[in-house]
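Below you'll find the structure, written out as structure tokens, and then a few comments.
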Protein chains: 2
Amino acid sequence: MAYAAAVDTLETRELRYFVAVAEELHFGRAAERLGMAQPPLSRAIQQLERRLGVCLLERNRRGVALTAAGRVLLSEGRATLDAATAAARRTRRAGGADNPGGARNRLVLAVKTAAVHELLQNLLDAYAAQPDAAEVEVLQCRMTDQEARLRDGSADVALMHVPYNSLAGFDSEELMSEGQLAVLPAGHPLAARKTLSVADITDLPDLPRARWPRHGVYAPGPGPEIHDQTQLAQLVALGRTVAVVPESAHAWMWPEHAAIPLTDAPPVVTHIAWPTHSRSPALASLIRTAVQLESSRQTSVTARRLPLG
Amino acid sequence: MAYAAAVDTLETRELRYFVAVAEELHFGRAAERLGMAQPPLSRAIQQLERRLGVCLLERNRRGVALTAAGRVLLSEGRATLDAATAAARRTRRAGGADNPGGARNRLVLAVKTAAVHELLQNLLDAYAAQPDAAEVEVLQCRMTDQEARLRDGSADVALMHVPYNSLAGFDSEELMSEGQLAVLPAGHPLAARKTLSVADITDLPDLPRARWPRHGVYAPGPGPEIHDQTQLAQLVALGRTVAVVPESAHAWMWPEHAAIPLTDAPPVVTHIAWPTHSRSPALASLIRTAVQLESSRQTSVTARRLPLG
DNA sequence: GCCACTGATACCCACCGGGTATGACAGCGC
DNA sequence: GCGCTGTCATACCCGGTGGGTATCAGTGGC
């Protein structure tokens, strides 16, 4: 309850400095990024190390390397800084139009661009019909940015797709589950098949799987590097790659595409997720709406049991 | 990636100050708790409000009240402060004996006192047999303190019991699931029954259910207020209350107790949980050991399917 | 050898976080 | 009514420290 000061707690300024140095592994560049001179930065890091009683960086001959403790602080520091900026953002939004009524009247919902479609539309419609509905702003995210947006306070709630997204660190409710399709160039021999297995489209020499960045870095491999769905769609149309997408992703299908069901791909499960602590009435209402919407849909449609893993 | 400064991010000092004021709802007492004088605290909060462009507190005639934005910042601020102290603690532990090898050699495992027993013993034994095993310190927690210990960095990993504990905000793996028992005074009429339902032991005038604090406050009710298992055990032995405990909690049964299976109580699911980002090799190895241990146990014992909800 | 480039040190200044004294204002008792 | 008490805000001062510039001290490359 009582948060101790001084020795036990780190200032976000110190964390910003350390994270910058740890990411750049170079005091000069880190200082430049921080908009300050190098000497005070060096001193600040030294003070931090002395206060923690721990060696964070190994300064050998040319450059800097992280120690084990440094790696821990980099990870924890990022999380703390995310929490701090999220605190600022969410507080600003909560007091935005200075609504004296007490309840915030706006929710930011992060979704992956070109995903979910009907689910999103149904959710927005159903929620808008609620008597206490807040205004919902839809924040379009590329790739798996919903996680970052939720973490840093840019969004209040997100639609996530497991296993593409990770729910780690968030509260969530499952909304729907669906199979996946292989999307091939229409002229490809495999495009004539009724169904495909994951093995059928793995390691095809003519169609290497595209690679997208996880946390900013691309995994090594033969396939092309992409960073959004449109690029992927074009590459498929050009006959350069094969894509695996959820069944409901037909929104961005092109005439040059052939979509074949994958019999053994892991199901894609759509969740509604939100930061652990925040649970405003408006957010709770949106979540309730989403869960009711999907449970009613599942009972009307024949519920299909999906195989596990 | 790049953490903006100044306007966008809050200093932990500001958050400490605001949280203190928001909890005390009194500048004088908050200042005293913070070990400082009241005027600079008032000024700091004003500066914070100006920087955020948001009104956090309503200062009406006598005392202070939180605005909606203030409530948001209280919750977000606590989370941020927890993250900051956790960063300091975990970094200190990681660099503790200044192990230059690179890997931290110690894990703190938070468990509920007088719970898990065999599972804990098996886990510690199995992990110690691993070639890369780190030293494991067992941190005994009362009630649901494992969550707080994990959040504030006092522990690296915890055994949690859903629904008593909440896994919100943590990564976790399920380890085992078990039914619950009603623990009655041995002489009580119901103690002769073979099984009981939850309804049977609800609202008994002679055995009101004990109340323990959630987040420091007791819910209202007729039952006695307790804060650890021993108190509960004694109250049952004295014929003052009835307890509901997991089947495996026989460790603290007394001769004066009678344990009757509850047919319709929700199952208690034991998870191993850890903070979302941290995933050191030692931690990963402990988690792997735990999961393997329990999956092998479940296949050797006849797996019992538990009813949902 | 020198040079380029790294991070560390030395020194100075200005800002601001914190202290004390006091003010403004509201409720309450006589 | 007036003054008392308790609240938070204001005024003012001071010292610590965060940040700047100039410079030093290693180290690898040519």
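Order of the sequence lines fixes the chain letters, A, B, ..., with proteins taken first and strands second; residue numbering starts at 1 for each chain.
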Considering residues, nucleotides and ligands other than [X], do more than 12 of their heavy atoms fall under 6.0 Å from its [atom1]?
| X | atom1 | result |
| --- | --- | --- |
| A:Glu32 | CD | no |
| A:Glu11 | CD | yes |
| A:Arg211 | CZ | yes |

To the nearest angstrom, how far is [X] atom [atom1] from [N] atom [atom2]?
| X | N | atom1 | atom2 | value |
| --- | --- | --- | --- | --- |
| B:Leu48 | C:dC16 | CG | P | 16 Å |
| B:Glu49 | D:dA9 | CD | P | 8 Å |
| B:Arg16 | C:dG18 | CZ | P | 9 Å |
| B:Leu41 | C:dC16 | CG | P | 19 Å |
| B:Glu32 | D:dT7 | CD | P | 11 Å |
| B:His26 | C:dA26 | NE2 | P | 17 Å |
| B:Gln46 | D:dA9 | CD | P | 5 Å |
| B:Ile45 | C:dG17 | CD1 | P | 13 Å |

Original post:
Under the 3.5 angstrom rule, does the side chain of A:Thr12 hit a backbone N or O of B:Leu10 as a donor-acceptor pair?
Top reply: yes
Original post:
Counting just side-chain N and O atoms, does B:Ser42 come under 4.0 Å of either OP1 or OP2 of D:dA9?
Top reply: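 For B:Ser42, the contact criterion (side-chain N or O under 4.0 Å from OP1 or OP2 of D:dA9) is met.
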Subject >> With sequence neighbours excluded, residues passing side chain to side chain donor-acceptor pair (under 3.5 Å) with A:Thr80 >> reply: none
Original post:
Got a salt bridge between B:Arg43 and B:Glu14, using NZ or NE/NH1/NH2 to carboxylate O under 4.0 Å?
Top reply: no
**OP:** Report, as a single string ordered 5' to 3', how protein heavy atoms within less than 4.0 Å touch nucleotides 15-21 of chain D: B base, S sugar-phosphate only, - not at all.
**Re:** ---BBBB
